[in-house]
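Report on the structure given below.
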Amino acid sequence: RPKGAEITYDQPTVTGTDNLLMAATLAEGTTIIHNAAQEPEVVDLAEALIKMGALIKGAGSEHIEIEGVDRLYPAVHKIIPDRIEAGTFMVAAGITHGDVLVEDVHPRLMQALLDKLDLAGLQIEVLDEGIRVSNNGHIRSVDLQTAPFPGFPTDMQAQFMALMCVTPGLTVITENVFENRFMHVAELRRMGADVQVVGRNAIIRGVEKLGGAPVMATDLRASASLIVAGLVAEGTTEISRIYHIDRGYQGIEKKLSQLGAKIERVAE
């Protein structure tokens, strides 16, 4: 069996924290994680493991303590809704001047995004059945900085950038979580976006319209931003390497089609 240990992360990492949580549950002795990720997905995993017999304290804080057990047992657990998928549909509603109800979401887990969408001028209604997002046309530029939860999620940075690309004014987006997370900028430029990258900052000058173009998905969230941009671009947008988007979205083209988008998956 692995031995428990005291581990400190230089930077919080969701995947790293999740992996240590799972490994430590069956390790011999006590494991303490310092500077642990506090994202809701970490808390949800911990709750599932606890139902299976794990001994975990502090999930959702900077310090998590796990006392190893001999075995885990079957359990029933309903995972939390995907706040990034939900946020992508909300941004899509905004960029297309649409009106979309995203059902079965937890508003308290999305507050940073909802605050920015509200500042941008979108209409946000928190209802019993979900969150309704609409755009009456009076949208404005909003600066943002990504940060670990409860800050603005880095996984929504690219989609929000697509929205700002067609919003009047100047927007500065600062990426504080990951390096080299602006790979979608070059592809948005192909569509006519005015974006300059200076270090960790992307400077966006809103344009009146985008144009369809052949573009390439470089990672999961970049591909989502290209779909969002393609919804509002004039003409046809062709996105290659879409296997990236399947890592985080199930049947996104079908869901968007149900909302009225002209989108289809074609064989390459």
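All residue numbers refer to positions in the sequence shown, counting from 1.
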>> Using side chain to side chain contact (heavy atoms under 4.5 Å, CB included), reason through I66 and T30 one step at a time and then give a plain yes or no.
In response: CA-CA 6 Å; I66 309 103; T30 302; over 6 Å; no
>> Before you tell me yes or no, could you show the steps for T174 and N201 under side chain to side chain donor-acceptor pair (under 3.5 Å), namely the whole-Å CA-CA distance, both residues' side-chain angles and the distance that decides it to 0.1 Å?
In response: CA-CA 4 Å; T174 304; N201 300 307; 2.7 Å; yes
> What's the verdict on side chain to side chain contact (heavy atoms under 4.5 Å, CB included) for T13 and D18, showing C-alpha distance, side-chain angles and the deciding distance?
Replying inline: CA-CA 8 Å; T13 161; D18 283 346; over 6 Å; no
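Looking only at distances, a side-chain donor or acceptor of E175 sits under 3.5 Å from a matching main-chain atom of V177. Within the 3.5 Å criterion, the main-chain N or O of D155 finds a donor-acceptor partner in the side chain of Q159. Side-chain atoms of D118 never come within 3.5 Å of backbone atoms of L114 as a donor-acceptor pair (strictly under, hydrogens ignored). Distance alone, capped at 3.5 Å, places no donor-acceptor pair between the N135 side chain and the G98 backbone.
Taken together through direct or relayed side-chain contacts under 4.5 Å among Ile, Leu, Val, Met, Phe, Trp and Tyr, V43 and L113 form parts of separate hydrophobic clusters. Residue I124 is grouped with residue I139 when hydrophobic side chains (ILVMFWY) are merged at heavy-atom distances under 4.5 angstrom, including chains of intermediate members. Tracing side-chain contacts under 4.5 Å through hydrophobic residues (I, L, V, M, F, W, Y), one never reaches I32 starting from L20; they form parts of separate clusters. In this structure, L55 is a member of the same hydrophobic cluster as L21, with clusters built from ILVMFWY side-chain heavy atoms closer than 4.5 Å. The same ILVMFWY cluster, assembled from side-chain heavy atoms under 4.5 Å apart, contains both M191 and I242.
T154 contributes atom OG1, which lies 9.0 Å from atom CD1 of I84 (distance to the nearest 0.5 angstrom). Note: L45 CG to T25 OG1 = 9.0 Å, rounded to the nearest 0.5 Å. Once rounded to the nearest 0.5 Å, the distance linking CG of L144 with CD of Q157 reads 7.5 Å. The OG atom of S141 lies 11.5 Å from the CZ atom of R205; values are rounded to the nearest 0.5 Å. The structure places CG of L210 at 6.5 Å from CD1 of I95, a figure rounded to the nearest 0.5 Å. To the nearest 0.5 Å, atoms CG (D104) and CD1 (I131) are separated by 10.5 Å.
Looking only at side-chain heavy atoms (C-beta outward), L49 and M22 come within less than 4.5 Å of each other. Counting only heavy atoms from C-beta outward, the side chains of V91 and L117 approach each other to under 4.5 Å. Residues M90 and V100 have side chains not in contact (no heavy-atom distance under 4.5 Å, counting atoms from C-beta outward). Within the 4.5 Å cutoff, no side-chain heavy atoms of V195 are placed close to those of I203. The closest side-chain heavy-atom distance from P2 to L26 is not below 4.5 Å. Annotation: side chain of E208 is not in contact with side chain of V166 (no heavy-atom distance under 4.5 Å). Between I173 and I204 there is a side-chain heavy-atom pair separated by less than 4.5 Å. A heavy-atom distance below 4.5 Å is not found between the side chains of L231 and K262.
Evaluation of the ring-ring contact (aromatic ring centres under 6.0 Å, His included) test over residues 56-100, restricted to residues two or more places apart or in two chains, returns H34-H63. Screening residues 182-230 for ring-ring contact (aromatic ring centres under 6.0 Å, His included), with sequence neighbours left out, gives no hits. Evaluation of the salt bridge (Lys or Arg N to Asp or Glu O under 4.0 Å) test over residues 31-55, restricted to residues two or more places apart or in two chains, returns E41-R83. Here ring-ring contact (aromatic ring centres under 6.0 Å, His included) pairs that include residues 138-178, with residues two or more places apart or in two chains, are F152-F160.
Ion pairing of E65 with K57 is absent here, as no side-chain N (NZ or NE/NH1/NH2) approaches a carboxylate O to less than 4.0 Å. Checked for salt-bridge contact, E28 and K3 meet the test: a charged N lies under 4.0 Å from a carboxylate O.
Between the side chains of T167 and R140, no donor-acceptor pair of N or O atoms lies under 3.5 Å. With hydrogens and angles left out, the side-chain atoms of T146 and N176 include no donor and acceptor closer than 3.5 Å.
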Could you give the side-chain donor-acceptor pairs of residues 212-230 under 3.5 Å, partners two or more places apart or in another chain?
| from | atom 1 | to | atom 2 | distance (Å) |
| --- | --- | --- | --- | --- |
| D219 | OD1 | R221 | N | 3.2 |
| D219 | OD1 | A222 | N | 2.7 |
| R221 | NH1 | Y249 | OH | 3.0 |
| S223 | OG | D219 | O | 3.2 |
| S223 | OG | L220 | O | 2.5 |
| S225 | OG | A222 | O | 2.6 |

Show me, pair by pair, the donor-acceptor contacts under 3.5 angstrom made by side chains of residues 252-259, not counting sequence neighbours?
| from | atom 1 | to | atom 2 | distance (Å) |
| --- | --- | --- | --- | --- |
| E253 | OE1 | R265 | NH2 | 3.2 |
| E253 | OE2 | R265 | NE | 3.2 |
| K255 | NZ | E85 | OE2 | 2.8 |
| K255 | NZ | Q250 | O | 3.4 |
| S257 | OG | E253 | O | 2.8 |
| S257 | OG | I263 | O | 3.2 |

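The number of heavy atoms from other shown groups lying within 6.0 Å of CZ (R190) does not exceed 12. Within a 6.0 Å radius of CD in Q111, more than 12 heavy atoms belonging to other residues, nucleotides or ligands are found. Residue I79 places its CD1 atom among 12 or fewer non-hydrogen atoms of other residues, nucleotides or ligands, all under 6.0 Å distant. In the displayed structure, R1 atom CZ is contacted under 6.0 Å by more than 12 heavy atoms of other residues, nucleotides or ligands.
The two atoms that bring A37 and P12 nearest to each other are CA-CB, 4.0 Å, heavy atoms only. Considering every non-hydrogen atom in both L101 and G130, the closest pair reads CD1-C, 4.0 Å. Closest non-hydrogen pair, L72 versus A54, comes out as CD2-N, 3.8 Å. Residues V126 and P107 come closest through the heavy atom pair CG1-CG, 3.6 Å.
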